[in-house]
2 protein chains.
Amino acid sequence: MITLTEENYIKAIYHLGSNGEKTVNTNAIAEVMQTKASSVTDMIKKLSEKNYADYKKYQGVTLTKEGRFVATNIIRKHRLWEVFLVEKLNFSWDEVHEVAEHLEHIKSEKLINQLDAFLEFPKYDPHGDPIPDKEGNFQHIEKITLAKAEVGSVYKCVGVDDTSSSFLKYLDSNKIALGTIITVKHKEPYDNSIKIEIESSEIVVSQNVAKNLYLKKV
Amino acid sequence: MITLTEENYIKAIYHLGSNGEKTVNTNAIAEVMQTKASSVTDMIKKLSEKNYADYKKYQGVTLTKEGRFVATNIIRKHRLWEVFLVEKLNFSWDEVHEVAEHLEHIKSEKLINQLDAFLEFPKYDPHGDPIPDKEGNFQHIEKITLAKAEVGSVYKCVGVDDTSSSFLKYLDSNKIALGTIITVKHKEPYDNSIKIEIESSEIVVSQNVAKNLYLKKV
DNA sequence: AAATATTTTTAGACTAATCTAAATTATATT
DNA sequence: AATATAATTTAGATTAGTCTAAAAATATTT
Ligand SMILES: [Mn+2]
Ligand SMILES: [Mn+2]
Ligand SMILES: [Mn+2]
Ligand SMILES: [Mn+2]
């Protein structure tokens with residue numbers, strides 16, 4: 001039996017670890033979990049005892065195969081619920097994350113597999129993130145941030161790194177959605193802002209925006 | 001802020017109290033909650049402090065207006081989710097209760113109101129129980145148990161008291177569903193079993209079954 | 001109206017998850 | 001290599017929800 005809190009720690013470790021293959025350190029987890037390092041230490045000991053994580057004192061933590069399975073399963077549920085909320089219940093993409101944080105912990109194999117079928121087996125969530133299958137496998141799409149895109153090239157918007165409501169609403173108000181075609185017109189060396197063209201109108205976005213928007217060359 | 005456990009206690013008190021207008025006693029709650037009387041005492045003290053319940057030592061407990069609102073709101077969510085599972089995700093009526101026990105605690109006004117709309121504002125759940133509106137109001141349907149039905153009269157099946165999987169599967173296997181027309185043919189005084197006619201075939205059901213099946217005269 | 005049985009409450013202990021403050025280990029700087 | 005700084009762990013408390021065992025109150029029976 002796995003508790004809701006354990007699931008959230010496992011998810012946090014998974015997300016922190018998926019960038020490099022290095023171990024995840026205590027303070028990083030504490031920050032994501034909005035808790036204190038001492039609490040994290042207690043929890044990773046417990047996860048280690050339950051074989052969800054490998055842990056040696058002062059050496060950071062990694063997930064075991066079992067831990068990774070738990071993580072991808074929660075992510076699968078989270079993203080499927082997000083699709084449901086947007087596609088069926090008319091939520092906008094900036095409203096779904098918080099609710100999905102709760103729905104992802106509902107434990108029913110049948111529920112999630114029937115939901116998957118009801119949604120016609122979506123491959124991506126409303127933020128462009130891939131949805132793992134029952135075994136935890138999912139495609140990695142090749143994508144770069146707008147910050148690293150080439151001037152003169154044409155891209156398609158395929159995802160976001162920041163899923164905060166304020167960022168997503170900013171994109172809405174600038175007519176940027178998943179699938180939107182963007183041409184990079186100019187990079188300003190002074191503040192790293194970028195001028196882009198969307199549907200024949202030009203806008204300038206800050207470096208901050210550019211770093212959080214994922215593109216794919218077309 | 002209300003905890004999941006508090007919500008479940010409030011729901012239990014509501015269900016136990018809705019039969020009579022009397023106070024609900026500690027042991028009854030303990031049995032429903034699968035816990036010990038001492039734990040119940042602690043919790044009803046807490047619910048009383050939070051103004052969800054009125055409580056005097058040794059005198060049993062009743063819900064306040066606020067408590068009843070919490071209760072009907074959870075019941076609204078529980079029953080809407082049950083409808084969703086049956087109507088959209090192809091669950092059968094004996095599979096939904098357990099999952100709904102978890103889904104009913106998801107806290108999002110928008111979620112539940114959009115779900116209500118998506119389901120086209122159903123009035124009853126898959127077991128024939130009425131779905132409260134946002135204010136907690138719902139119609140009481142006049143219904144009697146098969147045990148109290150008159151020999152010779154014709155009834156429509158409108159609900160069940162026992163929502164256990166085994167009882168619902170029993171009904172399935174005997175072609176009894178919500179809306180099924182039933183004619184009462186004979187009451188056996190010896191063991192209170194009842195002979196009924198369904199779609200021109202006759203079956204005999206036990207007193208136990210008869211007490212858990214709700215009917216309405218047609 | 002006592003005596004007995006039942007119900008309810010209290011007292012004290014346990015677990016999960018958290019915290020603060022102090023101690024320990026690792027890393028960076030001189 | 002010694003010292004300073006940062007990260008991590010430990011020790012001891014706290015809160016929610018639970019338990020067992022004992023005490024207190026209420027209900028039932030004689
Ligand atoms: Mn999300
Ligand atoms: Mn997402
Ligand atoms: Mn139910
Ligand atoms: Mn129901």
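So that the names make sense, note that chain A is the first sequence line, chain B the second, and so on, each numbered from 1. The structure displayed is predicted, hence computed values, not measured ones. Just the heavy atoms: all of them, side chains too, but no hydrogens, waters or symmetry mates, feed the values below.
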Practice task
Measure from NZ or CZ of A:Lys123 to the centre of the six-membered ring of A:Phe138, then state whether that distance is under 6.0 Å and the direction lies within 45° of the axis.
Solution key: no

Handout entry: Ring centre gap for B:His97 and B:His78 strictly below 6.0 Å
Key = yes

Completion exercise
Value for CD (B:Glu87) from CG (B:Leu119), rounded to nearest 0.5 Å, stands at 7.5 Å

Exercise for the section: Give me the residues of residues 25-39 of chain B where at least one heavy atom lies under 4.0 Å from an atom of DNA chain C, by number, or none. Expected result: B:Asn25, B:Thr26, B:Asn27, B:Ala37, B:Ser38

Practice task
Could you walk me through whether A:Glu101 and A:Lys11 pass salt bridge (Lys or Arg N to Asp or Glu O under 4.0 Å), step by step?
Solution key: CA-CA 11 Å; A:Glu101 285 291 305; A:Lys11 192 174 56 146; 3.0 Å; yes

Exercise for the section: Would you indicate which nucleotide in D:dT8, D:dT18, C:dT10 comes nearest to any side-chain atom of B:Lys57? Expected result: C:dT10

Exercise for the section: Could you check which of C:dT10, D:dT26, C:dA16 has an atom nearest any side-chain atom of A:Thr3? Expected result: C:dA16

Handout entry: d(CD, B:Gln59; C1', C:dT7) in whole Å
Key = 12 Å

Problem - Rounded interatomic separation in angstrom, taking CD1 from A:Ile44 and P from C:dT18 - result: 13 Å

Practice task
Measure the distance from CE on B:Met1 to C1' on D:dT15 and round it to the nearest whole Å.
Solution key: 11 Å

Practice task
Find the distance between NZ (A:Lys211) and CD1 (A:Ile194) and round it off to the nearest 0.5 Å.
Solution key: 10.5 Å

Practice task
Provide, to the nearest angstrom, the distance between the NZ atom belonging to A:Lys45 and the C1' atom belonging to C:dT15.
Solution key: 16 Å

Exercise for the section: Could you state the atom-to-atom distance from CG of A:Leu4 to C1' of C:dA16 in whole Å? Expected result: 12 Å

Handout entry: Distance in angstrom units between A:Tyr55 OH and D:dT10 P, rounded
Key = 6 Å

Practice task
Whole angstrom is fine here: how far is it from CG in B:Asp42 over to C1' in D:dC19?
Solution key: 10 Å

Problem - Length of the CE-C1' vector between B:Met43 and C:dT9, whole Å - result: 16 Å

